[in-house]
Amino acid sequence: MLRHTPFHSRTAPLCEGQNWRRWAGYLAAGSYELTHEREYWAIRNAAALLDVTPLYKYVVQGPDAARVLNHIMTRDIAKCAVGQVMYTPWCDDDGKVLDDGTVHRRAEDLFFVTSADPNYLWFCENAQGMRVTIEDVSDATAALSLQGPNSRKILNRLAAGILDGLGYFRTTPMQLRELPTVISRTGYTGDLGYEIWTENQYAEPLWDALMQAGEDYGITPMGILALDVARIEAGLILIETDYTSARRARIEGQKSSPYEINLGWTVNLDKGNFIGKRALAQHKKRGSDWQFVGLDVDWVALENVYAQEGLHPAVAGPAWRQSTPVYADDKWVGYGSSGCWSPILKKYIVLAHIQAPYNEIGTNLNLEVTVEHKRKQAAATVVKTPFYDPARKKK
Amino acid sequence: MKNNFDAIIIGAGLNGLTTAAYLAKAGHRVLVLEARQALGGTAVTEELAPGVLCDTLVGNLTGFDPRIARELGLSGVEFIGADPSVHALQPDGAGLTLWRDVGKTAEGLRPFSARDADKWGAFVERVARVSGFMEALYAATPPRPNEVKSESLWTLGSLGLKLRGLGKTDLYEALRMLPIAIADWMDEWFENETLKGVLAAGGVTALMQGPLATGTTLNFMHRQVYGGGVIRPTRYVRGGIGKLADALANVVRARGGEIRQGERVVRITLKDDMATGVVLQNGEELAARRIGSSADPHTTFLDLVGAYELDAEFVRAVRTIKYRGANVKLNFLLDGLPTFHNTDPSLLRGTIAVNPTVTALERAYDDAKYGSVSENPYLEFTIPTLADSSRAPEGKHVMSAWLQYAPYTLKTGDWRPETERVREKALGILSRYAPGIESRVLESQVLTPCDLQETYHLREGCLTQGAVMLDQFFFMRPVPGWAQYQTPIANLYLCGGGAHPGGGVAGAAGRNAAREMGKG
């Protein structure tokens, strides 16, 4: 039985298409309308409101909290200032990624951690003997993501303070009307946006307040289909789609080190020991065959491939998530793991795992495209991610 | 840091001293650091009263690889192989005796069971052959199963077999036999309940398991290795088992090694994942090229190194090592030799088992399984002064008893109020066989599993630094993947009973570890 989030009384009547998806055991709206397009445009042009309660959430507290998290995460959590948020993956002993999420330092010895998969046991196991308590607050914490250029204005209407000063990847406690919340300037869209964390009891009034305050700013409830397009444009990796957690991988080859999925920047080999450090030092020395890159698919080539069958390119709609072969000439060199038509860029974009030496920026490759049951190839170029990176994201 | 040593050995138990002695003999500059004042670890002799020597914990050196004495040239150590090795007291007064001599034992068994008497010789032969195979195994560094060619395990086995003229049948028999519950294995051989009981008690020695548990035959055989073919051997060291530690220490010192007593190591220092030295409780730092720890794996890795420095899976494996001490040790000074059912004192020179039966052992275990001291515990004791009069003034005797089962973790949570109760319980049981024994007690010492941990650094009161169980045996000891005495920290080695082949086989782990530490 899939569970309802504390916002369900609000989201359910809005979900016209009954397009529900599963997310971590919860019912999550895929799109509220029959297609996700208007919700997508709200992210880029107005403000979109997404229920992100299904994220796993933990509170790590105590004198050794920073030390414990620093031992688990690849980034140097000791450097995370109070009020700062760090995005980081975490690995197993072999330096293979288990999960990724955000670490919010709410006080010197108090952290809030989000993740895609359950991690309670993993965190506890690696905190034994340390002066720390770890609490799974997943079910007790309601969370909304408000994304888009108008998001700050909407929050400022409700906030007891002004959010203009809250920098990118910073967090602060903030009363919204009478509701106690913690706001972090984070999201999964590559746009200006915030995530709002509160206790379940405040969920419904929080939703109502935001919808009311956002009315003038075009606030639109958003499902996860629109989010998916936005996060691909932002070049953000998705667990179980773009990489397989080392917990779930059935063979070694399915696991990834951070260096292979464009997260090498999160690995700090200069800090003290952390889980996977020894292996990661080796990975780094060895270099990785695989890189996680962007592919910009050539539109004319795509048109031609479809034209061969008398069709026009059928690429609109939700993002795809199935492994799609990529070739250099006729040699298989990797695979796309998610892709979509980017409405704002007017481009067909793909996030892909490509082997060296074909993962250099500017390399010309071919993406397999199936048209009328026939496998064809369309030219694509390796490009830098994010595909879309508006200045307002960090401003 | 000062004093650069080739090797620092943590702990001066028999294994730590053995490693130190081998390394010193090979020309290494060795320092041994022992937290206690006394040497020997579990094999320690202390004064129970002025002029009275008592093997505080282990007094029966069942297994000792004779090569250690030979290779190191130990002197001043005289072993006394007690005969009989075991005498089992029975409530009806008819004691059952296991002698060193096979024929004599068989004849003694005849009144109990002619069938068992007939089978005794074959049983002794089987035990000798399988323990011969195990001796080869115990002197070897276990292979890494995932790294060696498929035949290697068998090659290793056949090496031992060849050396001892054993065949494949013996190997198969060993593999069949070791996982069996000792109770079942006894049923395969014998019918007399007391005989089965006295042997089954050997299968649960120092183990928090009943005789119906699988793998208890392994524990029985563990105690037969280097036992010289004697079933359930009882072997004393003249003047106390501590003499063996003294002899090993003399080798270390004679070869230029240093032994510091009362120096507790609190940390192993690391640099770039390599052990560089140790820090003592007083803050002193000492550097060495190699560190050998004969502390248990938990202490070594989680306390001295720290989980922070180690891989998560390794830490998990170390944390889940089963220790689970099962015994209380009771030492008594008696003002004379008690009479047990008119038993001839000459029968009391070895181990005396109090009415052992498989059922009673399993029942005793049942209580402990749920966190209580056995309502009717099993008692096994020795009176070493009968075999070695040098230990106490004339007329006085030391009686040294193991009471089983006594779990480290009591459901009441507190051992202190139990201590006196356990003493009374033990004397109560003994007085059924030797009425009035309480009045002969001049001194008594009761060591609970908590005392064993606190005073003698035996984790959870476990005498073997990890229970001797199939899943903690050979290439799975201390944890799978790390049975080669090396550790994930370069230059740090395990040389105690936590490593293969485990505690209870004096010096075997220490000798193997010295070989690995001396490499490269």
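So that the names make sense, note that chain A is the first sequence line, chain B the second, and so on, each numbered from 1.
When B:Asp273, B:Val315, B:Leu302 are compared by the number of non-hydrogen pairs under 4.5 Å with chain A, B:Asp273 comes out ahead.
Both the backbone and the side chain of A:Arg67 have a heavy atom closer than 4.5 Å to some heavy atom of chain B. With a threshold of 4.5 angstrom between heavy atoms, B:Ala307 approaches chain A through N, CA, C or O but not through any side-chain atom. Using a 4.5 Å cut-off between heavy atoms, A:Asn70 touches chain B through backbone and side chain atoms alike.
With respect to the salt-bridge test (charged N to carboxylate O, under 4.0 angstrom), the residues A:Asp93 and A:Arg278 do not qualify. Taking 4.0 Å as the cut-off between side-chain N and carboxylate O, B:Asp311 and A:Lys277 do not count as a salt-bridged pair. In this structure, A:Lys57 does not pair ionically with A:Asp139, as no charged nitrogen and carboxylate oxygen lie closer than 4.0 Å. Using a cutoff of 4.0 Å between basic side-chain nitrogens and carboxylate oxygens, B:Arg260 and B:Glu284 are scored as salt-bridged.
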